[in-house]
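Computed from a predicted structure; not experimentally measured. The analysis underlying the following values was restricted to heavy atoms, covering all of them including side chains, and did not include hydrogens, waters or symmetry mates.
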Amino acid sequence: GPVRRMAPLLFVFGLNGLVHMVLDTVVGKIWWFAPFDMNTAWSLVTIPRRLHPWWLNHIFHWTFLFELAIIAWAVYLWLRMPAPAPARKE
């Protein structure tokens with residue numbers, strides 16, 4: 001039925017939410033135990049505030065290489081996709 005067809009999409013949606021939070025934990029602050037603990041934010045790396053505007057601090061920090069790696073991987077996978085078959089004329 002329709003629920004069975006939606007299950008893989010819901011799984012991918014939830015998995016992407018989890019991956020997003022894990023990646024944000026690298027340099028962002030994630031409250032992993034919210035709403036039970038709203039006092040502890042988790043972050044693996046703190047980016048120093050040196051440049052203005054603020055986003056330049058993120059672009060010139062070594063952790064930005066993670067973002068570039070994700071983009072490079074996506075482009076690589078996209079380029080490896082087979083070309084769609086031409087439409088048939090009947």
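Considering only residues two or more places apart in sequence or on other chains, Pro86 meets the side-chain contact (heavy atoms from CB on, under 4.5 Å) condition with none of them. Partners of Thr40 under the side chain to side chain donor-acceptor pair (under 3.5 Å) rule, at least two apart in sequence or in another chain, are Asp37.
Annotation: ring pair (Phe, Tyr, Trp, His ring centres under 6.0 Å) contacts involving residues 55-89, sequence neighbours excluded, comprise Trp54-His58.
In the hydrophobic clustering, Phe13 connects to no other residue, as no ILVMFWY side-chain heavy atoms lie under 4.5 Å from its own.
Within the model, atoms OG1 of Thr63 and CG of Leu65 stand 8.0 Å from one another, a figure rounded to the nearest 0.5 Å.
The shortest non-hydrogen separation linking Arg5 to Pro8 is O-CD, 3.4 Å.
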Validation: residues 44-52 side-chain donor-acceptor distances under 3.5 Å, sequence neighbours left out:
none

Which donor-acceptor pairs under 3.5 Å do side chains of residues 20-30 form with protein atoms, sequence neighbours excluded?
from  : atom 1 : to    : atom 2 : distance (Å)
His20 : NE2    : Asp24 : OD2    : 3.1
Thr25 : OG1    : Met21 : O      : 2.8
Thr25 : OG1    : Trp32 : NE1    : 2.9

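In the hydrophobic clustering of ILVMFWY residues, with side-chain heavy atoms under 4.5 Å counting as a link, Leu56 and Leu68 come out together.
Under the side chain to side chain contact (heavy atoms under 4.5 Å, CB included) test applied with Val12, the options Leu9, Leu15, Asn16 reduce to a single match, Asn16.
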